[in-house]
Amino acid sequence: MKKIKVNLDKKVSSSYEICIGYDIVDRIGLIIAKNLPARHYLIITDSNVSALYGEAFLNRLRGMGISVDMIDFPAGEDSKNITAALAIVERMIELGADRSSALLALGGGVVGDMTGFIASTFMRSVPYINVPTTLMAQVDSSIGGKTAIDLPEGKNLLGTFYQPKGVVIDVKFLDTLPEVEFHNGLAEVIKYGIIEDIELFRFLEEHVRAIKERDCEILVKIIENSCRIKKGIVEIDEKDKGLRRILNFGHTIGHAIEAESHYTVAHGVAISLGMVAAVRISEKLYDLPGEERNRIENLMKTVGLPCRIPHTVTNNGILSRLKMDKKKEGSVIHFVLLKKMGMPFINGGVPESVLGETLEGMRK
Ligand SMILES: NC(=O)c1ccc[n+]([C@@H]2O[C@H](COP(=O)([O-])OP(=O)(O)OC[C@H]3O[C@@H](n4cnc5c(N)ncnc54)[C@H](O)[C@@H]3O)[C@@H](O)[C@H]2O)c1
Ligand SMILES: [Zn+2]
């Protein structure tokens, strides 16, 4: 028997830079020239972002002598599907896209996930750069190379791991972001503070007002810290086999609440509730200090995230969603809980009575 080894250590070649600043979008020309030289570029965006920034972005790139076109699709999670992806690909082909093309994802997590998915599969992959325009995408979805589209059977069921060639985060985009979307991203930032960085948590506590006013210097700082945390975790566990799971803090119960509300409860609100539940369970079962639980709940309240479950979502509904997860995952649901702030761990199952009591407590 002969053996031929296919060496695929991609670590160096798949590394990339994240650039963060206020009003830096012009630098994209330089970044493209350095990291993503292609014959032809395609901006993929959604209808909202296109109306706000599309023309200006397109013209800026064309003004730099770059050959570029733009494709947009209707904004919203409902577009994150195979039909919309195929429509984009057909348009790409009409516009002459081939293996020497590159994609630029201009938008929130939906645009980023879809564009990454198309980039990873179109002609067996073309490179792409993320230009995230929501806080959620700037602190979370644009980094780490998880791409996906939804199927009727569930969210993110068809996807790949495919890293971008670069991420350009211009905090100026957040000037126009609706409040509810801003809160979605803020919930993820608080999550990073709780699981990984007490300094970030303290910084958030001290700058609530500036954050609410979207002070650009403060935002640049918290986005930079968030990106550092996410990239640190992704570097260790790119394919989500271990450590990356701590990023699911608040998401197990959060997803159950989101789904049970038929997605009328926003992601950020749902995971805030999930984080409060996880913190209270941690206090009950693992002696998380009550003082830390208080700090976490207080920060949520002061930034405007809820700690109470809306009555449109029942405890039984949440519990049966969790049981459905349990069937998918095996015998137990793994929750991310806390020994203390900055010390998350994956727990091997929470008794249903504790879950029920905790949810009940979050209605008072
Ligand atoms: N790949 C990952 O690792 C990862 C991580 C977390 C979430 N996600 C995915 O991200 C998606 C959610 O992302 P999202 O929260 O950014 O939602 P989104 O992309 O739907 O954007 C939210 C809304 O804000 C609008 N918008 C975007 N930028 C704007 C701006 N600057 N000004 C005004 N409006 C703007 C959009 O048009 C949209 O209506 C979900 O599909 C989720 O599965 C992926
Ligand atoms: Zn999330």
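Since the structure is predicted, the reported quantities are computational estimates derived from the model, not experimental observations. Every number for a ligand or one of its atoms is a count from 1 in the order of the listing. Along the sequence shown, residues carry numbers from 1.
Among all non-hydrogen protein atoms, the one lying nearest atom 32 (N) of ligand 1 is Thr176 OG1, 2.8 Å. Of all protein heavy atoms, the one lying nearest to atom 6 (C) of ligand 1 is Asp140 OD2, 3.7 Å. Here the heavy atom of the protein found nearest to atom 39 (O) of ligand 1 is Asn48 ND2, 3.0 Å. Considering only non-hydrogen protein atoms, atom 41 (O) of ligand 1 sits nearest to Glu77 OE1, 2.5 Å. When only non-hydrogen protein atoms are considered, atom 35 (C) of ligand 1 lies nearest to Leu177 CD1, 3.7 Å. Nearest protein heavy-atom neighbour of atom 9 (C) of ligand 1: Asp113 OD2, 3.4 Å. Of the protein's non-hydrogen atoms, the one nearest atom 21 (O) of ligand 1 is Thr134 CG2, 3.6 Å.
Nearest to atom 22 (C) of ligand 1 by heavy-atom distance, out of Lys230, Glu181, Met136, is Glu181. Scanning Ser141, Ser79, Gly144 for the heavy atom closest to atom 7 (C) of ligand 1 points to Ser141. Nearest to atom 37 (O) of ligand 1 by heavy-atom distance, out of Thr147, Thr45, Asn156, Asp46, is Asp46. In this comparison of Gly108, Pro132, Gly109, the heavy atom closest to atom 11 (C) of ligand 1 sits on Gly109. Around atom 34 (N) of ligand 1, the closest heavy atom drawn from Gly116, Gly76, Pro178, Ser50 belongs to Pro178.
Applying the side-chain contact (heavy atoms from CB on, under 4.5 Å) rule to Lys339 yields the partners Met343, Phe345; only residues at least two apart in sequence or on another chain are considered.
The number of protein N, O or S atoms lying under 2.8 Å from the Zn ion (ligand 2) is 3.
Both cation-pi conditions hold for Arg214 and Phe182: the charged atom is under 6.0 angstrom from the six-membered ring centre and inside a 45 degree cone around its axis.
Hydrophobic clustering, defined by side-chain heavy atoms of Ile, Leu, Val, Met, Phe, Trp and Tyr closer than 4.5 Å, groups Ile129 together with Ile24, Val25, Ile28, Ile31, Ile32, Leu36, Tyr41, Ile43, Val49, Leu52, Tyr53, Phe57, Leu58, Leu61, Met64, Ile66, Val68, Met70, Leu104, Leu106, Val131, Val168, Phe173. Residue Val180 is found outside any hydrophobic cluster, as its side-chain heavy atoms come under 4.5 Å of no other Ile, Leu, Val, Met, Phe, Trp or Tyr.
Of the polar atoms of Phe173, at least one N or O is found under 3.5 Å from an N or O of ligand 1, judged by distance alone. Considering backbone and side-chain atoms together, Val110 places an N or O closer than 3.5 Å to an N or O of ligand 1.
Rounded to the nearest 0.5 angstrom, Thr358 OG1 and Ile309 CD1 are separated by 9.0 Å. The CD atom of Glu181 lies 11.0 Å from the OG1 atom of Thr176; values are rounded to the nearest 0.5 Å.
Not a single heavy atom of Asn184 sits under 4.0 Å from any atom of ligand 1.
Neither the backbone nor the side chain of Asp175 comes within 4.0 Å of ligand 1, counting heavy atoms alone. Residue contacts with ligand 1, taken as heavy atom pairs separated by less than 4.0 Å, do not involve Gln138 at all.
Of the candidates Glu199, Glu205, Glu206, Arg202 forms a salt bridge (Lys or Arg N to Asp or Glu O under 4.0 Å) with just one, namely Glu199.
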